Enquirer: 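Below is the structure I would like to discuss, written out as structure tokens.
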Amino acid sequence: MLEQELLNYTKSNAYPFHMPGHKRQDSFGADPYQLDITEIHGFDNLHQPEGLLLEMMEKAACLYGSRKSYLLVNGSTVGNLAAIYSATTQGGSIIVGRNCHKSVYHGVELRQLKVCYTNPTVSSRGIILGTPIEEYKRAIEECPHAQAVVVTSPTYEGMVEPLDEIVKMAHEHHMAVIVDAAHGAHFPFHKEFPDSPLESGADIVVMSLHKTLPALTQTALLHIHKDSQIKEDVVQRYLSMFETSSPSYVLLVSVGKCLDFLEQREEAFSSYVDKLKEFYAGCEQLQHLSVVCQPHQDMGKIIINTGGADISGYELQKRLREEDGIELEMASFYYGLAMSSVMDTREGFRRLLQGLIRIDASCQTRQRDGFMMADLYQAPRKEMELHEAAAMDKEICSWEEALGKVAGDMISLYPPGVPLLVPGEIITERSLQILKQAMEEGLQVTGLRPVATGKKGILVVVN
């Protein structure tokens, strides 16, 4: 039974270096069932806020410096969908980072947009380091009629894009900028974190509260910049279309508590930064493992590199779980990701550091190069748009038969879920080689389909 398993887990010694950001360190102070109501008199309406919920929106706008902030209870997903619809017209054009969340791809497909991709730089360990400004220049030159540019900043691993330059360039070409900042809701609350995308002038910024702040899963915000040409009534209209018509008041209470925390607990972020600095200083003694530190990185995303050791990221994750009771956010072949938040305790950081020191001492030096990691997220040639591929008949092919055909479904490495193939793209020898090697190396590949032989095939478009 799910409830019993969850209760057992909460009573265990497990420590969560993963989202949600409340880290089970907070509570409602009341039975959630007592707070679960509908839009009755005196409690406002999320789709036409005029009272309590409007006051929360105004508080969020004040805290983040936006013209308007919307409360979301369907996660950043609904924010991304509404943002894309608000900034484009049906059948228009858009520039999208290849490393964007699947909700962005779904918005592109539903809006029937012509898409041009920017390709991120990927390290030899498979970590997305960001996207060079030259990629945005190229995409804007190739797609001058694009109505919007979608940027993921910070990335899943905490890397930040050159937003000042991106926004300036996009606005010079009359393009709106949408930033999926799902992992950056904490940025404005301490100087050691990167600047908020709103400070760069991005038109719409979508942030998940639950990823890095003390809020329940599915809570998020959508911000409109003070100088944006995006109209508020348009955003509200699309949010009303995509968001549930029965928003959870339990989740809305969680948003309110989170906003109160941001307003009243400035010292908590100073303490959080101090704990992070202590942890990183302690990691300097590691001999085989290492902690990644990039110039434009959120220090709260702890990337543990196993590429110089004789264990994989998966083995690191397993050992931390079984030997230290620590659950990482994710693991890949060459690294693990510990996701921290303002709610993490000094004891939690101490346990993680001690676990890493102990595992490091048992490792041997082994330098390994990523098998084709730097080429992972380079978009193949596009034969048709996403919505065109979605509308066509499809069949499942073996690997050998799929070569040269058009992909009919999204195929991704998970985590982080960035697609290797998008519907409408040509399946090349390089694509198949990367997929095969990824599975041989132990990475999880999503989007493959079972075939009669018991193996996995690829969904392709039938011409």
Side-chain angles (χ1 to χ4, degrees), residues 75 77-78 80-81 84-85 90-91 93-120 122 126 128 150 152 156 180 242 330 332-333 371-373 375-463:
T77 291
V78 71
N80 286 338
L81 291 171
I84 288 171
Y85 266 70
Q90 194 75 7
S93 298
I94 194 168
I95 296 170
V96 167
R98 183 67 180 193
N99 60 315
C100 67
H101 187 262
K102 63 182 181 181
S103 60
V104 173
Y105 287 94
H106 294 158
V108 167
E109 179 183 330
L110 292 169
R111 199 59 158 153
Q112 299 187 352
L113 300 173
K114 303 175 184 67
V115 62
C116 178
Y117 295 110
T118 56
N119 296 306
V122 183
I128 295 174
V150 181
T152 302
Y156 186 66
D180 179 353
F242 290 115
M330 62 85 76
S332 186
F333 193 73
F371 55 95
M372 287 179 75
M373 289 291 189
D375 296 327
L376 279 180
Y377 304 123
Q378 301 297 308
R381 182 169 66 85
K382 181 174 63 176
E383 180 70 15
M384 61 185 72
E385 301 295 342
L386 273 89
H387 67 275
E388 294 173 330
M392 298 187 72
D393 293 334
K394 301 173 188 67
E395 64 182 7
I396 301 173
C397 286
S398 66
W399 292 76
E400 295 75 19
E401 296 173 318
L403 179 62
K405 295 189 177 181
V406 177
D409 198 3
M410 194 176 298
I411 299 178
S412 308
L413 295 184
Y414 187 84
V418 177
L420 301 176
L421 279 169
V422 171
E425 293 177 344
I426 299 294
I427 301 171
T428 64
E429 185 65 45
R430 172 186 161 280
S431 302
L432 294 174
Q433 184 180 3
I434 290 176
L435 284 171
K436 288 177 181 177
Q437 290 193 31
M439 289 192 292
E440 289 172 0
E441 296 285 354
L443 279 71
Q444 182 180 356
V445 179
T446 63
L448 299 177
R449 305 297 180 94
V451 293
T453 60
K455 297 182 179 179
K456 292 184 177 180
I458 298 176
L459 191 68
V460 301
V461 169
V462 178
N463 294 325

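Everything numeric here is computed off the predicted structure, so don't read it as measured data. The first residue of the sequence shown is numbered 1, and numbering continues consecutively from there.
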Enquirer: Begin from the C-alpha positions of Ile458 and Leu432 and carry the test side-chain contact (heavy atoms from CB on, under 4.5 Å) through to its verdict.
Expert: CA-CA 10 Å; Ile458 298 176; Leu432 294 174; 3.6 Å; yes
Enquirer: Any idea which heavy atoms bring Ala407 and Ala389 closest together, and the distance?
Expert: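 Looking at all heavy atoms of both residues, the closest pair is O-CB, 4.4 Å.
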Enquirer: Are there more than 12 heavy atoms of other residues, nucleotides or ligands under 6.0 Å from atom NZ of Lys394?
Expert: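 Atom NZ in Lys394 is packed in, count exceeds 12.
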Enquirer: Kindly give the heavy-atom pair with the smallest separation between Ile128 and Val122, and that separation in Å.
Expert: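 Answer, listing the atom of Ile128 first, then Val122: CG1-CG2, 4.3 Å.
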Enquirer: Heavy atoms, side chains only, cut-off 4.5 Å: are Val445 and Leu413 in contact?
Expert: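 With C-beta onward as the side chain, the pair touches.
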Enquirer: Could you tell me which residues satisfy ring-ring contact (aromatic ring centres under 6.0 Å, His included) with Tyr105, sequence neighbours excluded, listed by chain and number?
Expert: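 In terms of ring-ring contact (aromatic ring centres under 6.0 Å, His included), with neighbours along the sequence ignored, Tyr105 is linked to no residue.
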Enquirer: Which residue is it: Val108, Asn80, Val78? I am looking for the one with a side chain to side chain contact (heavy atoms under 4.5 Å, CB included) to Ser103.
Expert: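 The passing option is Asn80.
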Enquirer: Evaluate the salt bridge (Lys or Arg N to Asp or Glu O under 4.0 Å) criterion for residues Asp409 and Arg449: first the C-alpha distance (whole Å), next the side-chain angles of each, then the deciding distance (0.1 Å), finally the verdict.
Expert: CA-CA 10 Å; Asp409 198 3; Arg449 305 297 180 94; 2.7 Å; yes
Enquirer: Looking at side-chain heavy atoms only, is the closest gap between Pro380 and Ile426 below 4.5 Å?
Expert: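 No. Closest side-chain heavy atoms not under 4.5 Å.
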Enquirer: What residues form a salt bridge (Lys or Arg N to Asp or Glu O under 4.0 Å) with Glu109, not counting sequence neighbours?
Expert: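 With neighbours one apart ignored, the set is empty.
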Enquirer: Out of curiosity, Ile411 CD1 to Leu420 CG, how far, rounded to the nearest 0.5 Å?
Expert: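 Going from CD1 on Ile411 over to CG on Leu420, the span is 8.0 Å.
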Enquirer: A side-chain contact here means heavy atoms from C-beta on lying under 4.5 Å apart; do Lys102 and Thr77 qualify?
Expert: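 No, too far: nothing below the 4.5 Å cut-off.
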Enquirer: Spell out, as yes or no, whether a donor-acceptor pair under 3.5 Å connects the side chain of Tyr156 to the backbone of Asn99.
Expert: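 No, because the side chain of Tyr156 does not come within donor-acceptor range (under 3.5 Å) of the backbone of Asn99.
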Enquirer: For the backbone of Gly91 and the side chain of Lys114, can you confirm whether one donor and one acceptor N or O come within less than 3.5 Å of each other?
Expert: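 Side chain of Lys114 to backbone of Gly91, a donor-acceptor pair under 3.5 Å: yes, one is there.
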Enquirer: Compare every heavy atom of Val462 with every heavy atom of Met392, then report the nearest pair and how far apart it is.
Expert: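 Looking at all heavy atoms of both residues, the shortest contact is CE-O, 3.8 Å.
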Enquirer: Which heavy-atom pair separates Val460 from Lys405 by the least distance, and what is that distance?
Expert: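 Looks like CG2-CD, 4.0 Å.
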Enquirer: In Å, rounded to the nearest 0.5 Å, how long is the span from OG1 of Thr428 to CG of Leu421?
Expert: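 It is 7.0 Å, given to the nearest 0.5 Å.
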Enquirer: First locate atom CE of Met410, then atom NE2 of His106, and finally report the distance between them rounded to the nearest 0.5 Å.
Expert: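 Spacing of CE (Met410) from NE2 (His106) equals 5.5 Å.
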Enquirer: With sequence neighbours excluded, what pairs up with Arg98 under the salt bridge (Lys or Arg N to Asp or Glu O under 4.0 Å) test?
Expert: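 Arg98 satisfies salt bridge (Lys or Arg N to Asp or Glu O under 4.0 Å) with Glu425 once adjacent residues are dropped.
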Enquirer: When you measure from the side chain of Glu429 to the backbone N and O of Leu403, does any donor-acceptor pair fall under 3.5 Å?
Expert: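 Absent.
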Enquirer: For Trp399 versus Lys456, what's the shortest heavy-atom pair and its separation?
Expert: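 In terms of heavy atoms, the two residues are closest at NE1-O, 2.7 Å.
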Enquirer: Got a second to check how far Arg430's CZ is from Leu435's CG, nearest 0.5 Å?
Expert: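 CG of Leu435 is found 10.0 Å from CZ of Arg430.
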Enquirer: Could you tell me which non-hydrogen atom of Pro419 sits nearest to which non-hydrogen atom of Cys100, and how far apart they are?
Expert: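 Result for this residue pair: CD-O, 4.5 Å.
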Enquirer: Between Leu113 and Ile84, is any pair of side-chain heavy atoms under 4.5 Å apart?
Expert: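 Side-chain contact under 4.5 Å: yes.
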Enquirer: Evaluate side-chain contact (heavy atoms from CB on, under 4.5 Å) for Val461 paired with Glu383, printing each intermediate quantity in order.
Expert: CA-CA 11 Å; Val461 169; Glu383 180 70 15; over 6 Å; no
Enquirer: Nearest 0.5 Å, what's the CZ-OG distance between Arg111 and Ser93?
Expert: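 Arg111 CZ to Ser93 OG: 12.5 Å, rounded to 0.5 Å.
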